[in-house]
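Read the structure below first, then the notes.
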Amino acid sequence: MTISVLRKSVKRRSATILAVSALVAASLAACSSTDSGGDSNLLESLREKGAVTVGFAGEAPYSFEENGQLTGATVALHREIFHNLGINEVKGVNADFGALIPGLQANRFDVVSAGMSILPERCKQAAFSDPEFNYTTALMVNKGNPKGMTDMQSVASSGARLATMTGAIESDYAKSLGISSMQVATPQDGMDAVTSGRADVFALTGISLNWMKNNNPEAPVDVTPSFVAVIDGKPQVGAGGTVFRTNDKELLDAYNAELKKITSDPQKYLSIVGKFGFTEKELPDPKLTTADLCAGNI
């Protein structure tokens with residue numbers, strides 16, 4: 001082989017190596033963008049697909065399945081908001097409540113639709129929308145409330161066997177008050193624990209327990225009046241919202257802009273969620289911000 005031919009061969013091999021290196025680098029960059037837990041532009045991706053997949057935990061009346069159809073107040077909000085964002089279909093993936101944020105992080109769904117309480121520990125793992133619902137706690141008890149329970153402190157003093165839902169705020173209340181609680185996966189499991197005698201009381205949001213009672217009139221249970229839990233002398237004023245991955249900021253911002261149009265108009269808000277038992281009492285206080293809830297300032 002002559003020197004000139006050899007030089008040409010070396011140049012060709014060098015060009016090939018550079019091209020392969022560029023392809024590898026591009027491939028690695030693409031992998032890193034998807035492996036980060038979200039789409040670099042999830043909003044546009046969802047618009048192109050025409051559908052969003054939400055994770056839900058089967059907690060009525062927030063998000064649940066009825067006759068095989070996904071429904072609930074949070075789902076109704078999502079159908080309205082995502083439609084306005086150019087995304088016409090809302091699909092659901094059922095998961096235990098405690099598995100919703102891990103499932104979101106693992107890309108099993110695009111957002112979490114569960115009316116999830118906005119709490120500092122959760123805000124370290126995911127991003128929350130502006131508040132969608134104010135909530136209070138209630139107790140599901142045996143018919144007639146034989147132990148006279150009215151709040152979490154009365155549960156502690158009565159020695160009642162408490163059931164709470166895994167990952168729900170009521171489990172945190174119990175832990176803070178030193179109450180041992182039976183963990184259940186779903187609201188129905190909590191009701192079953194009370195009716196079967198395995199638990200004396202089931203603590204959950206008042207809106208959820210009243211929905212269950214009204215839809216199971218034959219069940220030998222009562223639901224106490226709702227209350228704001230007090231922990232360490234501090235009222236636990238709370239609100240729930242939709243959960244996003246932390247790097248899906250464009251989708252979150254667009255969602256919040258549409259949400260504000262609804263929550264700033266009580267009539268519009270109730271036209272969407274009223275049929276699920278929500279009233280103006282659940283309409284989020286505009287002074288109650290996600291930033292303050294995440295910081296634990298409330």
Side-chain angles (χ1 to χ4, degrees), residues 52 54-67 69-92 97 111-119 128-138 140 168-170 187 204-217 223-229 235-244 251-293 298:
V52 59
V54 304
F56 70 102
E59 181 181 352
Y62 295 99
S63 51
F64 60 105
E65 285 184 325
E66 187 173 62
N67 300 321
Q69 299 296 314
L70 183 62
T71 186
T74 308
V75 173
L77 274 177
H78 284 171
R79 288 192 170 122
E80 175 76 14
I81 290 171
F82 284 115
H83 173 77
N84 292 341
L85 293 177
I87 304 161
N88 294 323
E89 187 177 4
V90 177
K91 302 177 181 180
F97 192 88
V111 301
V112 171
S113 174
M116 186 176 284
S117 303
I118 304 169
L119 301 173
F128 281 80
S129 71
D130 291 337
E132 297 170 338
F133 308 102
N134 279 352
Y135 69 85
T136 50
T137 298
M140 179 172 281
I169 185 62
E170 290 77 20
L204 196 63
T205 59
I207 196 80
S208 296
L209 293 183
N210 282 308
W211 176 275
M212 291 184 67
K213 171 61 180 173
N214 293 337
N215 285 273
N216 295 275
V223 176
T224 67
S226 296
F227 57 90
V228 175
Q236 303 298 299
V237 177
T242 294
V243 194
F244 298 77
L251 177 63
L252 172 59
D253 290 345
Y255 183 94
N256 278 337
E258 292 298 324
L259 175 63
K260 186 174 181 180
K261 297 175 185 177
I262 297 171
T263 55
S264 61
D265 182 348
Q267 188 173 356
K268 177 69 172 178
Y269 180 79
L270 293 178
S271 73
I272 297 171
V273 303
K275 65 180 179 180
F276 298 101
F278 289 79
T279 69
E280 283 198 47
K281 290 182 179 179
E282 282 75 45
L283 185 64
D285 183 341
K287 297 177 183 177
L288 193 65
T289 69
T290 294
D292 283 336
L293 289 163
I298 303 299

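These figures come from a predicted structure and were not determined experimentally.
At least one donor-acceptor pair closer than 3.5 Å links the side chain of S264 to the backbone N or O of K260. Judged by distance alone, the side chain of N256 and the main-chain N or O of D130 form a donor-acceptor pair under 3.5 Å. The main-chain N or O of K281 is found under 3.5 Å from a side-chain atom of T279 such that the two form a donor-acceptor pair. Listed for the Q69 side chain is no donor-acceptor partner under 3.5 Å among the backbone atoms of E66. Judged by distance alone, the side chain of S129 and the main-chain N or O of G241 form no donor-acceptor pair under 3.5 Å.
Here the closest heavy-atom approach between residue P187 and residue G58 is recorded as CD-O, 4.0 Å. In this structure, T136 and S226 approach most closely via the heavy-atom pair OG1-CB, 3.1 Å. Closest of all the heavy-atom pairs between E282 and Y269 is O-OH, 3.3 Å. Listed here is the closest heavy atom pair of S113 and F56: O-CB, 3.5 Å. Residues L259 and P131 approach most closely at CD2-O, 4.0 Å, considering heavy atoms. Closest heavy-atom contact between G277 and I207: O-CD1, 3.2 Å.
Partners of A57 under the side-chain contact (heavy atoms from CB on, under 4.5 Å) rule, at least two apart in sequence or in another chain, are F97, L100. Residues forming a side-chain contact (heavy atoms from CB on, under 4.5 Å) with N84 (at least two apart in sequence, or on another chain): E80, E258.
Rounding to the nearest 0.5 Å gives a distance of 11.0 Å between CD1 of I262 and CG of L283. For the atom pair CD (E65) and CG (L70), the distance works out to 6.5 Å, reported to the nearest 0.5 Å. Here H78 contributes atom NE2 and I87 contributes atom CD1; the two are 11.0 Å apart, rounded to the nearest 0.5 Å. M212 contributes atom CE, which lies 8.0 Å from atom CG of L204 (distance to the nearest 0.5 angstrom). In this structure, the separation between CE on M116 and CZ on F128 is 6.0 Å, given to the nearest 0.5 Å. Taking OG1 of T74 as the reference point, atom CG of L77 lies at 6.5 Å (rounded to 0.5 Å).
Between L293 and L288 there is a side-chain heavy-atom pair separated by less than 4.5 Å. The side-chain heavy atoms of L251 and V111, taken from C-beta on, include a pair separated by under 4.5 Å. Between K261 and I81 there is no side-chain heavy-atom pair separated by less than 4.5 Å. Using a 4.5 Å cut-off on side-chain heavy atoms (C-beta onward), V112 and V54 make no contact.
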| message | Between E170 and T205, is the side-chain contact (heavy atoms from CB on, under 4.5 Å) condition met? List the steps. | response | CA-CA 8 Å; E170 290 77 20; T205 59; 4.0 Å; yes
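Using modelled atom types, one finds a donor on one side chain and an acceptor on the other under 3.5 Å when comparing E132 with T242.
Between F278 and Y135, a ring centre-to-centre spacing not shorter than 6.0 Å is recorded. Aromatic rings from Y62 and W211 are positioned such that their centres are separated by 6.0 Å or more.
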